[in-house]
Novice: 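Starting off with a structure, shown below.
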Amino acid sequence: MELQILMKRLPLFIITAAVLISCEKEITVDLPTTPSKVVVEGVIETGQVPIVLLSRTQSFFEPTTISGLARLYITSATVIVSDGIVTDTLDQVCSSQLTEDQLIAAAAATGISVDLLRQINICAWTDLGGTMVGVEGRSYSLTVIADGRTLTSTTKVPFGIPLDSLWFKLANQRPDDDTLGFLWGTIADPDTAGNAYRWMAKRINAGSDGDAKDASFVAPLFSTFDDRYANGLRFDFAYNRGKVAFSSADDDNNEESGYFKMGDTVVVKFSSIGLPENRFYESFSNNVTSQGDMFSSPANVMSNITGGLGIWAGYGSRLDTVICGP
Amino acid sequence: MRKIRSIVGPTVVVAVSFACSIAHAQSTVTISGYVKDATNGEALIGANVYVKETLRGAATNVYGYYVLNLEPGKHTLVMSYVGYEDFVQTVDLKSSLKLNIEAQPKVIQAREFEVIGEKEKDSTQGTQMGTVDIDVQRLSTLPALLGEVDILKTIQFLPGVKSNGEGNSGFYVRGGGPDQNLILLDNATVYNASHLFGFFSVFNADAVKNIELIKGGMPANYGGRISSVLDITMKEGNNKGFHGQGGIGLISSRLTFEGPIVKDRGSFIVSGRRTYIDILTKPFLKDSPNFSGTGYYFYDLNAKANYKFSDKDRVFLSGYFGRDVFTFAGSNSGDPAFKIPWGNTTVSARWNHVFGPKLFLNTTATFSDYSFAFDAKQDQFAFKLFSGIKDYGMKVDLAHYPNARHHLKYGGQYIYHVYTTSTVEVSSGDTEFDITTPPKLHAHESALYVMDDFDVTDLLRVNVGLRLTRFDHVGPYTLYQLDDRGRSVGQEDLASGKHISSYMALEPRLSARYTLGPNSSVKASFNRGQQYVHLASFSSIALPTDVWIPSSSKVKPQIGTQYSAGYFQDLFEDVVEASVEVYYKDFKNLIEYAEGAQPQGNGNTNYDAQLVFGDGYSYGAEFFLKRRTGKVNGWLGYTWSKTMRQFPDINEGREFASRWDRRNDLSVVLAYDRNKRWSFGATFVYSTGQAVTLPVNRYFIEGRLVSEYTERNGYRMAPYHRLDLSATLMNKGYRTVKDPLTGEEKEVLRSWRSSWTFGLYNAYNRRNPYFIYFGADGVPSEGTFKVVAKQVSLFSILPSITWNFKF
C-alpha cells in the first residue's frame, strides 16, 4: 500500500526537501566476509504442486557477472515436502533441460525471466507427478538438504477468502490523465483474528510486443496485510501495480509505472496466508525499502526457515479477473 | 517553619539536627541578599560573594540570592562576577544583615560580555563536578549554522557531550541516551528540545539568561533522569526601563521586548521567533506541481513576568509555546497529503519566599506538554498517528544556611504524568479500522530529597545527598493479554486509581572536593539515579515519532550509576583553567525497539509489546583547558570514551557499540576581540565516525535485493570534522557630544546597538558523512548488476549573515 511506503520515506524526504543542500559521493566500504547461507523461496498453493527455488547469500558488494549469477543459484539439493501423511521428495527441474515452451511455463511459475532461464542453469524443485498439491487447511513441512546444510520449515495453506468485489478506479495523480489507476478490492474479514492476505496481479492483455503484458503474477511491495486492525470488518483497499524487480519494460519506466491502465485485463491472485508468512513479507518489504538509510533501524527479514533464510509459504488462493474500464 | 518541616518529613528533620549538632558552637551572624544587574534588575546567577580576608564565600543561587555566615566583626565583602565591576564594601557586623548588591556592568568595554563559559574560580572551589554554566549573551558572536544561535549546539562543544550528527541539536552526555537528559526550562520539563527534526533547538537564545549543564555528580535536588541536567533559566525582563532586541537571519527572525511592570518591583519579557523557509520557498514550489502544498515552519514564544511583593516574597510566571508544522500535499486529487504538527508547551509559576536570612523557600508549579500528530490522507484512506505527554508538577525547595559550614537543601517534588503512547486511527471510506485507542497512561512520580554542601575542614568540602523517589503507574488502564505471536487474546480493564506497578528507590549522591593549594583541587563523586520515563526511538535522529513511555510492569526503571574523579588547576593567575575528569557509568534496564518494529505496530495491544531491554556502560577521560579572559579566549576540550550496549534480543546478545559511541572527540572554541567593534569567533570539532549498521551479505527474494545484517553498529563512518568561523561588527557604542558649557568632547553610551554577524559554516568544505545508502545499478539477468555505497553529506560550506539589534 502506497501510504506505507510514503510514511517510511517521509523523514528522508523532509530532510532533503528542507535542506536542499545535500550532496553525495560514492565510497568504498570494507565489510567482513561471512560464510554464505542457503535461501529458500518455496510456495505451495491451493490445488497446485509445490515449487521451491534455492539460492545463496553473496557478499554485499560483489559485482554480479553472468557467471557470478550462476553461482548464486543452487543446482544440487534434496527437497522433501510432507503433509504428515505423504512424504514426497521433489523432482529437480533445471532450465538447461527445458524446451522453449517449457521455459516460458517455468518463467510464469517461478517469476524468473525467460532470458535468465535461457542464459544460466537455474533449478527448481517441484512434483512433476502431481501427487502433492496444496489442500486448504493442511500443514506442509519442508526439508532442504543443500550446500552441506539441512533446512526445515512448516507452513499451512489457509482457507482462501474470495474478494467481495474488485474494480478499477482512476488515480487522478497526474494532470489531464484519464487512463491510469489502481485496483480496488473489498474484503469481508472473518470473525476469527489472525487472518492475513497477499495480493498479486497479472495483466494478461497483449502489450506492444504481442505477448501478455506480464509473464507471471507480480506482487507490489507491501503486498500483504493482516486483520490486526480490521478483524471481522468489511472494507475497501487499493493496490498499485507491482513491478518485476529490475524491470526494463517501458511501462515500468515511464509515467505508467505503478499504474494499471484503462483497457488492461488483470487476473488478481488474492491469497490467504499465515501470520509468520505475513511477517516475512512485511519485513521483506521494509528491508527492501530501507536499505542503508539511517531513519529506520536496519532489520533482517524474519524468515520462517530454520537453518537458512527465505520463506516457505502456503497460499489459500482465489483468482479474479477484472477489465480496467470506466 | 514547623509546618514545612512536617511536609518534608522526618528524614529532613533528622538531617537538619545532625547538621546543627556538629556545627560550631560559637555564635555567628548572617549576611544575605540578592545580587542584581544595576542596569536592568536581572538576578545574577552564580556570582561570588566572599570575605576578602578569609576568601570564604558563597555563590548566588538561581534567583541571585546569597547567604554568608560570619563571625561578628569587621569584614570586607567582595562580590565578583564575570563582566561586572567588583563590588567591595566593608561591613561591621553586629547582628544579621541584609545586603542587596547592584552590580555595575563593566562599561569601559564596548562588548557587552567578556568570556564564554562558567563562573570564575568555581571550578577549583566548588564540590560540583562536571558542571558548566554558560553565559548565553556571549553565544551570539560564535559561529552558528545558518546564523541561528543555538544553546544546545554550544554545549556540544564541551567535553563529554556529543552531538547527534551533522547540524543536530540533540546531545548525549557521557554515554547516556537522549532521554536521559533532564531538560528544564524554568523548572518545567521540556520533552522534545528540537525543531526541524533536530536541526535547531527550541530555545530562543534571546529569551534565555543562563544555562547550567550537570553531566556528573548530579546533586540530590535533581532527579528523574540518569545522565545529565540542563537547567535553563529564562530572562526576567528589565525592571528599570523598556528595552527590546531582535534579529533578522537567513531562516528566521526574532523579536524580544521587556520592561518594568512596576519599576524596581516587577518586570516582564516577551520573546518570539518564527522561521520563514516556507515563505521563501513557496514561490519556487508553485511551478512544481508535486510540491505545491508543501510547507514547513516553526515558531517559539517565550514570556515571563515577575513581581516582588516585598523583600521577602517574589513571584514568577513563565511560559513557553512552540510548534513545528510540516505539510505536504500534491496538486492532484489522488495525491497523498500529510500534516505533521508537533511541539512543546511549558508553564511554570514560582514563589520565592525568604523566611529569614538563613532559610530560602522556592515553591514551583509546572505544566509541560509535548504532542505529536501525523495526519495522512490518500483517496478514501485516512491515517492518523498521535502521541504525547502531559506533566502536572509541584516542587518545594528549601535552601537552609544554618551556619558558616553548612548549606542545606531539602524539598520534595511531585509530578502527575499523563501519557498518550502511539495511537493510530485508520479508515478506508466509512470503515473505521478497529484500533482500540490505547487508553491514556497515568502515573504519579514523587521524590523527597535532602542534601548538605558541607565544609568538613578548611580543605575538604563534601556534598552529600539522598533522594527518595517513587513511581506509581495507576489506572484507568487496559492490559491486553497477548499470545506468543503478540496477538491480543483478551483484556483486563483496570479501574481509575488502581495500582498497576510501583517502583521506589533511594538514590545516594556524594561529591567531595579536597583543596590541594590556592589554585588546585581534586574532586570525586558517586551518584545513582532511577529514571521512570523512557524514550523509544525508531531512528538515530531526533524524530518527532519518538514516543515517551512510562515504566510499567514490563518496562523496568532505568538505573544509572556514575563514578567520577577529577583534578582541577587554575594557571597564570586564574586566567587559564585546566581540568581532567575520568568517569565510569553503568546503565541498567535500557530500552530499544525490537528489530523490525514499526511505528504503527503498537495498535490494539500493550504499548510495551515491541520493546526489548538491555544494559550498557560507558567510561572515558575528559580534558579541558580554558582561557577565561583576554583578547583571545575560549577553550579546548578532548574526550576519549567508550560506550557499549548489550541486549539479549539485539545483535544475538553480543555487546555492540552504542550509536553515540565516539572514541575520540575534540572541540576548540575561540573568541577574539580585535577592538571595540570587531570580534571574531572560530569553532572546530573532530570526532570518530558514527557507528552504523551495514549489510554484510545480500540475497534475492522474488528478484528483489535483500540485505542481511550481521553486526549491530559494526561499521564506522568516516570521522567528522568541521571548522566554523564568524565575524561580528558592532555599531559604534559611543557617540561624541560636545558639552555646551565647557566645549569639552565627551563620549556618551548609545542606547541603540546593532551588529552584523557574518558566519561561515564548514569553512573548508569537508564532506562529512550524514548517512550511507546503497544504490543498485544494472540488471542481474544481464550480468551488469552492481551495488554501490553512497555517502550523503548534508551541509557544504555555508555562509550566513544575521543582523541583530538592541535598544
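So that the names make sense, note that chain A is the first sequence line, chain B the second, and so on, each numbered from 1. As the structure is a prediction and not an experimental result, all values here were calculated from the model.
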Novice: Flag the pair B:Val788 / A:Phe61 as yes when at least one side-chain heavy-atom distance between them is below 4.5 Å, and no otherwise.
Specialist: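 Heavy-atom side-chain distance check fails, nothing below 4.5 Å.
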Novice: Could you tell me whether the side chain of A:Glu62 reaches within less than 4.5 Å of the side chain of B:Val787, counting heavy atoms only?
Specialist: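 SC-SC contact between B:Val787 and A:Glu62 ruled out.
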Novice: Using non-hydrogen atoms only, which part of A:Asp227 is less than 4.5 Å away from chain B: side chain, backbone, both, or neither?
Specialist: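 No part of it gets close to chain B.
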Novice: Measure A:Ile120 against the heavy atoms of chain B and call it side chain, backbone, both or neither at under 4.5 Å.
Specialist: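 Answer is neither: A:Ile120 stays 4.5 Å or more from chain B.
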Novice: Using side-chain heavy atoms (C-beta onward) and a distance below 4.5 Å, is A:Leu309 in contact with B:Glu708?
Specialist: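 Yes, at least one pair of side-chain atoms sits under 4.5 Å.
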Novice: Below 4.5 Å from any heavy atom of chain B, which atoms of A:Glu26 appear? Answer side chain, backbone, both or neither.
Specialist: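 Answer is both: backbone and side chain atoms of A:Glu26 are under 4.5 Å from chain B.
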Novice: Counting only non-hydrogen atoms closer than 4.5 Å, does A:Phe217 touch chain B with its backbone (N, CA, C, O), its side chain (CB onward), both, or neither?
Specialist: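 Interface part for A:Phe217: neither.
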Novice: Does any backbone or side-chain atom of A:Phe284 lie under 4.5 Å from a heavy atom of chain B? Answer side chain, backbone, both or neither.
Specialist: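 Side chain only.
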Novice: Heavy-atom cut-off 4.5 Å, strictly under: side chain, backbone, both or neither for A:Leu69 against chain B?
Specialist: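 Only the side chain of A:Leu69 comes within 4.5 Å of chain B.
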Novice: Need one label for A:Thr57: side chain, backbone, both or neither, based on atoms under 4.5 Å from any heavy atom in chain B.
Specialist: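 Looking at A:Thr57, backbone and side chain both touch chain B.
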Novice: Quick check on A:Tyr73 against chain B: is it the side chain, the backbone, both or neither that has a heavy atom closer than 4.5 Å?
Specialist: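 Interface part for A:Tyr73: neither.
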Novice: More than 12 heavy atoms of other residues, nucleotides or ligands under 6.0 Å from CD of A:Glu255: yes or no?
Specialist: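 Result for CD/A:Glu255: enclosed.
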Novice: Can you run down the salt bridge (charged side-chain N to carboxylate O under 4.0 Å, His left out) pairs that involve residues 690-703 of chain B, sequence neighbours left out, and say none if there aren't any?
Specialist: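 Non-adjacent pairs meeting salt bridge (charged side-chain N to carboxylate O under 4.0 Å, His left out): A:Arg198-B:Glu702.
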Novice: Could you tell me which non-hydrogen atom of B:Gly703 sits nearest to which non-hydrogen atom of A:Ala245, and how far apart they are?
Specialist: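 Of all heavy-atom pairs spanning B:Gly703 and A:Ala245, the closest is O-CB, 3.1 Å.
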Novice: Heavy-atom distance under 4.5 Å to chain A: side chain of B:Val696, backbone, both or neither?
Specialist: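 Answer is both: backbone and side chain atoms of B:Val696 are under 4.5 Å from chain A.
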Novice: Hey, does A:Val39 have a side-chain heavy atom less than 4.5 Å from the side chain of B:Tyr699?
Specialist: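 They are in contact (side-chain heavy atoms under 4.5 Å apart), so the answer is yes.
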Novice: With a 4.5 angstrom heavy-atom cut-off, could you sort out which part of A:Ile112 is near chain B: side chain, backbone, both or neither?
Specialist: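 No part of A:Ile112 comes within 4.5 Å of chain B.
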Novice: Nearest 0.5 Å please: distance from the OG atom of A:Ser285 over to the CD1 atom of B:Ile701.
Specialist: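 Separation between the atoms: 11.5 Å.
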Novice: If you look at every heavy atom in A:Val288 and B:Leu705, which pair is closest and at what distance?
Specialist: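 In terms of heavy atoms, the two residues are closest at CG2-O, 3.6 Å.
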Novice: Compute whether any side-chain donor of one residue and acceptor of the other, for B:Asn697 and A:Ser59, lie under 3.5 angstrom apart.
Specialist: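 No, no side-chain donor-acceptor contact under 3.5 Å.
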Novice: Is any side-chain heavy atom of B:Ser707 closer than 4.5 Å to one of A:Phe60?
Specialist: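 In contact.
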Novice: Under the rule for side-chain hydrogen bond (donor to acceptor under 3.5 Å, both in side chains), what residues qualify as partners of A:Asp252, not counting sequence neighbours?
Specialist: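 Per chain and number, A:Asp252 pairs via side-chain hydrogen bond (donor to acceptor under 3.5 Å, both in side chains) with A:Arg241, A:Ser247.
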Novice: Could you look at A:Gln58 and say if it's the side chain, the backbone, both or neither that has a heavy atom under 4.5 Å from chain B?
Specialist: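 Contact with chain B is through both the backbone and side chain of A:Gln58.
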Novice: Could you have a look at A:Ile311, A:Val301, A:Val29 and say which one has the most heavy-atom pairs with chain B under 4.5 angstrom?
Specialist: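 Highest number of pairs under 4.5 Å: A:Val29.
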Novice: Tell me, out of B:Lys786, B:Lys790, B:Arg704, B:Glu592, who's got the most heavy-atom pairs with chain A below 4.5 Å.
Specialist: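 It is B:Arg704.
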Novice: Distance from A:Asp30 atom CG to B:Leu694 atom CG, nearest 0.5 Å?
Specialist: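 The CG atom of B:Leu694 is 11.0 Å from CG of A:Asp30, to the nearest 0.5 Å.
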Novice: Can you confirm whether A:Lys169 is buried at NZ, in the sense that more than 12 heavy atoms of other residues, nucleotides or ligands lie under 6.0 Å from that atom?
Specialist: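 More than 12 within 6.0 Å, yes.
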